[in-house]
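Just so you know, these numbers use all the heavy atoms, side chains as well, and skip hydrogens, waters and symmetry mates.
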2 protein chains.
Amino acid sequence: MKYQNYSDMLKAMAEPNRLKIIDLLSCGSLCACDILKHFDFSQPTLSHHMKILQKAGIVKAKKTGKWQHYWLDPNFITTFKQNTDSLLRADADCICHQAQN
Amino acid sequence: MKYQNYSDMLKAMAEPNRLKIIDLLSCGSLCACDILKHFDFSQPTLSHHMKILQKAGIVKAKKTGKWQHYWLDPNFITTFKQNTDSLLRADADCICHQAQN
DNA sequence: CGTTTACATAGATAGCCATCTATGTAAAGA
DNA sequence: TCTTTACATAGATGGCTATCTATGTAAACG
């Protein structure tokens, strides 16, 4: 389906805590324990959120020693902005210019 | 909370059917019956989705005679793009440059 | 005035989701 | 080797949500 990838990204972003995580990571790489300091929920809950962000292609991760480092996937930034522009502009690719169903 | 409005928009958008509705409306105004032709779900389900899009400030509506007309709120388009840029750029307003919690 | 059309609302339900506690694991330090 | 630190995983739960059927309502039409 045309909207599936973009919808997956939006779904992952559509949670205030995950939005805050993305904002934190927009400045660079962080490990889980540093991210957790900004929140009130438990560590397993953060782990859950990070997994969702990775599955949606928003966040990349790498383990070095004890620390799990997270950062924004550069492809996500460009893809998301591109999809947003495409959605909100009435161009030739728009579904309303095509056959129904 | 800083992310609440943006998160509400994302939440409303994070559903493939509603994303398709936004795409349809990006070309201009449509009434409910015309939107419904593009989908397999029932009429009450569309009514439910339109209410969610209105509550999130994405869609405006006006009833004229029998027909309920819907169109994208121009403020949504600018606000959404602005919030997206703000989120994904590591500028001075970024949370990571401020005190924790 | 009865019927049709274009919706909205009510109530029910199955499935998903954010959170928790409890526990496992692997690396680092003493 | 024992303990601590930094995670991940499992399982449970309460709440939300997308969908349905049934029904109400208001406008238009004959």
Look for any protein N or O under 3.5 Å of an N or O in nucleotides 9-18 of chain D and output each such pair with its distance, or none.
| unit_1 | atom_1 | unit_2 | atom_2 | d |
| --- | --- | --- | --- | --- |
| D/dT9 | OP2 | A/Lys51 | NZ | 2.3 |
| D/dT17 | OP1 | B/Lys11 | NZ | 3.0 |
| D/dA18 | OP1 | B/Arg18 | NH2 | 3.4 |
| D/dA18 | OP2 | B/Arg18 | NH1 | 3.1 |

N/O to N/O distances under 3.5 Å, protein versus nucleotides 25-30 of chain C:
none

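Between A/Ile35 atom CD1 and D/dA8 atom P the separation is 10 Å, expressed in whole Å. Whole-Å rounding puts the B/Met50 CE to C/dA8 P distance at 9 Å. Taking atom CG of residue A/Asp8 and atom C1' of nucleotide C/dC16, one finds them 14 Å apart after rounding to whole Å. In this structure, the CG atom of B/Leu36 is 9 Å from the P atom of C/dC7, given to the nearest Å. The interatomic distance linking A/Leu30 (CG) with D/dA6 (P) rounds to 14 Å, in whole Å. Summarising the geometry, the separation between NZ on B/Lys62 and C1' on C/dA6 is reported as 18 Å, rounded to the nearest angstrom. Taking atom CZ on A/Phe41 and atom P on C/dC20, their separation rounds to 8 Å, with Å as the unit.
Contact of the A/Ile22 side chain with the B/Leu88 side chain is registered, since non-hydrogen atoms from C-beta on lie closer than 4.5 Å. A 4.5 Å side-chain heavy-atom check between B/Ile35 and B/Leu25 finds at least one atom pair inside the cut-off.
With hydrogens and angles left out, the side-chain atoms of A/Ser86 and A/Tyr6 include no donor and acceptor closer than 3.5 Å.
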Just distance, no hydrogens or angles: give the donor-acceptor pairs under 3.5 Å from side chains in residues 69-82 of chain B, sequence neighbours left out.
| unit_1 | atom_1 | unit_2 | atom_2 | d |
| --- | --- | --- | --- | --- |
| B/His69 | NE2 | B/Thr64 | OG1 | 3.4 |
| B/Asp73 | OD1 | B/Asn75 | N | 2.9 |
| B/Thr78 | OG1 | B/Asn75 | O | 3.1 |
| B/Thr79 | OG1 | B/Asn75 | O | 2.7 |

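Scanning for side chain to side chain donor-acceptor pair (under 3.5 Å) contacts around B/Asp8 gives B/Gln4, with sequence neighbours left out. Here B/Ser7 pairs with nothing under the side chain to side chain donor-acceptor pair (under 3.5 Å) rule; sequence neighbours left out. A search for side chain to side chain contact (heavy atoms under 4.5 Å, CB included) contacts involving A/Ser47 returns A/Gln43, not counting sequence neighbours. Residues passing the side chain to side chain donor-acceptor pair (under 3.5 Å) test with A/Thr45, sequence neighbours excluded: A/Ser42.
Counting only residues at least two apart or in different chains, ring-ring contact (aromatic ring centres under 6.0 Å, His included) contacts with residues 45-64 of chain B comprise B/Phe41-B/His49.
Each of C/dT21, D/dC7, C/dC7 was ranked by its minimum atom distance to the side chain of A/Gln68; first place goes to D/dC7.
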